[in-house]
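Not measured: the values here are computed from a predicted model.
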Amino acid sequence: MAFFKQKQTVQVDFAHLPRHVAIIMDGNGRWAKKRGLPRTAGHAAGAENFRTIATYCKEIGLEYLTVYAFSTENWKRPEEEVSAIMGLLRKYLLEAIGRMERDRVKMHFFGDLSPLSEELRVLCMETEEISKRYEGCQVNICLNYGGRDEILRAARAFSQDCAEGKSDPNHLTEEQFSHYLFSAGVPDPDLVIRPSGEVRISNFLLWQSAYAEFYFTDVLWPDFSKEELHRALAAYQSRSRRFGGV
């Protein structure tokens, strides 16, 4: 006789959600390979799931969602794959601009956008400009982003301000330095989620995630459902955050 274990319903306290959840959207290529599909099909499925999860985060009242869409290291991938990812980004941004008045999800970009095509840069700026009219959930998309690159850029900017007499290197605080980061004005993530079975942060929000809680799952990103998000939120709510205290 076969016995089937039914998954328990996950209890989430939606009145006490973390302010900021960050997700490393990983596993698109492996998702496609398992199905005998090209990697580009996995990225398409992952992009669609991003839309689903981002919309749901807005519905449940999350204040900030940050996703790792394309890293500074991802340029090393085959040209065909990079081109497909950029094509998906263009498609998503065009659709997002058309739906923004309805969905009212704020969008912001972390990363160096200068290597992108002029069309993509314009679309990114347009979505950010439209977003200024909205309140509520802000979705930060990390694009051509790397945590170390971000810190180096911040250090150079601070150094330049010191050279121009705008800042004093002897009185630099963590709060002041954070204003030089791509995430200036955004609270640090409370919870960082990584699907796909990998147990590392891969150069993602290195400064900001110093006191974040981490949740790792074997589920590949295109299969990362609302229920899996519930498990991550429930795991977060079961932990005691002491920030170095007792």
Side-chain angles (χ1 to χ4, degrees), residues 20-26 28 39-58 62-154 156-157 160 178-186 189 203-205 208 221-222:
H20 185 176
V21 172
I23 304 177
I24 300 173
M25 302 187 296
D26 192 25
N28 296 332
R39 289 176 60 87
T40 51
H43 292 303
E48 190 57 39
N49 196 45
F50 160 65
R51 189 198 310 275
T52 299
I53 295 300
T55 301
Y56 184 63
C57 285
K58 175 182 178 293
L62 197 71
E63 291 185 54
Y64 296 92
L65 171 68
T66 300
V67 296
Y68 209 0
F70 192 85
S71 76
T72 50
E73 291 78 25
N74 286 156
W75 295 105
K76 301 173 186 175
R77 294 186 177 187
E79 184 177 346
E80 179 186 2
E81 184 174 344
V82 172
S83 178
I85 292 172
M86 295 302 161
L88 285 168
L89 175 63
R90 176 183 179 276
K91 177 176 179 290
Y92 176 81
L93 289 174
L94 286 170
E95 291 176 355
I97 289 170
R99 298 178 179 183
M100 285 181 84
E101 200 59 43
R102 182 196 70 186
D103 297 340
R104 305 183 77 81
V105 173
K106 298 167 63 177
M107 293 176 64
H108 187 61
F109 293 88
F110 294 174
D112 174 18
L113 304 185
S114 61
L116 305 184
S117 69
E118 182 180 0
E119 181 186 21
L120 282 177
R121 293 197 306 272
V122 169
L123 288 172
C124 289
M125 288 187 291
E126 187 174 351
T127 55
E128 287 191 327
E129 189 61 32
I130 296 172
S131 294
K132 292 177 181 178
R133 305 203 300 260
Y134 306 140
E135 299 294 334
C137 183
Q138 175 172 310
V139 178
N140 306 305
I141 301 175
C142 293
L143 188 58
N144 191 31
Y145 172 90
R148 288 182 173 180
D149 176 68
E150 177 183 37
I151 294 170
L152 284 175
R153 287 173 181 274
R156 293 190 194 107
Q160 183 64 35
S178 69
H179 290 301
Y180 290 90
L181 301 173
F182 291 125
S183 59
V186 175
N203 204 16
F204 181 52
L205 301 179
Q208 299 89 336
W221 171 247

Checklist entry - Between V105 and T55, is any pair of side-chain heavy atoms under 4.5 Å apart? => result no
Next on the checklist: So which atom in T40 and which in A84 form the shortest heavy-atom distance, rounded to 0.1 Å?
Outcome noted: CG2-CB, 3.3 Å
Checklist entry - R77 versus R39: any side-chain heavy-atom pair under 4.5 Å? => result yes
Checklist entry - L205 versus P189: any side-chain heavy-atom pair under 4.5 Å? => result yes
Checklist entry - Has the side chain of N74 got a donor or acceptor atom that lies under 3.5 Å from a matching backbone atom of S71? => result yes
Item to check | Heavy-atom closest pair, residues A184 and H179 | outcome: CB-O, 3.5 Å
Next on the checklist: Would you compute the distance between atom CG of L116 and atom CG of L143 and round it to the nearest 0.5 angstrom?
Outcome noted: 5.0 Å
Checklist entry - Mind checking what makes side-chain hydrogen bond (donor to acceptor under 3.5 Å, both in side chains) contact with E126, not counting sequence neighbours? => result none
Next on the checklist: Between N49 and W221, does the side chain to side chain contact (heavy atoms under 4.5 Å, CB included) criterion hold? Intermediate values first, please.
Outcome noted: CA-CA 8 Å; N49 196 45; W221 171 247; 3.7 Å; yes
Checklist entry - Nearest 0.5 Å, what's the NZ-CD distance between K58 and Q138? => result 14.0 Å
Checklist entry - Got N28 and P222 here, is their nearest side-chain heavy-atom distance under 4.5 Å? => result yes
Checklist entry - Residues in side chain to side chain contact (heavy atoms under 4.5 Å, CB included) with D112, at least two apart? => result S114, P115, N144, R153
Item to check | Residue list, side chain to side chain contact (heavy atoms under 4.5 Å, CB included) with C57, at least two apart or on another chain | outcome: I53, L62, L65, L229
Checklist outcome for this item: In this structure, CZ of R90 is separated from OG of S117 (nearest 0.5 Å) by 8.5 Å
Item to check | Heavy-atom pair of closest approach, residues L93 and F109 | outcome: CD2-CZ, 3.7 Å
Checklist entry - Does the side chain of N140 come within less than 4.5 Å of F110's, by heavy atoms? => result yes
Checklist entry - Would you find more than 12 non-hydrogen atoms of other residues, nucleotides or ligands less than 6.0 Å from R148 atom CZ? => result no
Checklist entry - If we only count heavy atoms from C-beta on, is the V82 to K76 side-chain gap below 4.5 Å? => result no
Next on the checklist: How long is the straight-line distance from CZ of F70 back to CE of M86, given to the nearest 0.5 Å?
Outcome noted: 4.0 Å
Item to check | Ionic contact status for E95 with K91, cut-off 4.0 Å | outcome: yes
Next on the checklist: Using 0.5 Å steps for rounding, measure from the CE atom of M125 to the CG atom of L120.
Outcome noted: 11.0 Å
Item to check | Salt bridge present between R51 and E48 (N-O < 4.0 angstrom) | outcome: yes
Checklist entry - Between Y145 and F182, is any pair of side-chain heavy atoms under 4.5 Å apart? => result yes
Checklist entry - Heavy atoms, side chains only, cut-off 4.5 Å: are T66 and C142 in contact? => result yes
Item to check | For Q160, all residues meeting side chain to side chain contact (heavy atoms under 4.5 Å, CB included), sequence neighbours excluded | outcome: E164
Checklist outcome for this item: Residues at least two apart in sequence or cross-chain that pass side chain to side chain contact (heavy atoms under 4.5 Å, CB included) with I151, listed by chain then number, are F177, L206, W207
Item to check | Within residues 84-104 or reaching into it, pairs that qualify as ring pair (Phe, Tyr, Trp, His ring centres under 6.0 Å) - sequence neighbours excluded | outcome: F50-Y92
Checklist outcome for this item: Of all heavy-atom pairs linking Y180 and A157, the shortest is CD2-CB, 3.5 Å
Checklist entry - V139 and K106: side chain to side chain contact (heavy atoms under 4.5 Å, CB included), yes or no, with the steps? => result CA-CA 6 Å; V139 178; K106 298 167 63 177; over 6 Å; no
Checklist entry - To the nearest 0.5 Å, what is the distance between OH (Y68) and CD1 (I24)? => result 7.5 Å
Item to check | H108-S131 side chain donor-acceptor pair, cut-off 3.5 Å | outcome: no
Checklist entry - Any side-chain donor-acceptor pair under 3.5 Å between H43 and E81? => result yes
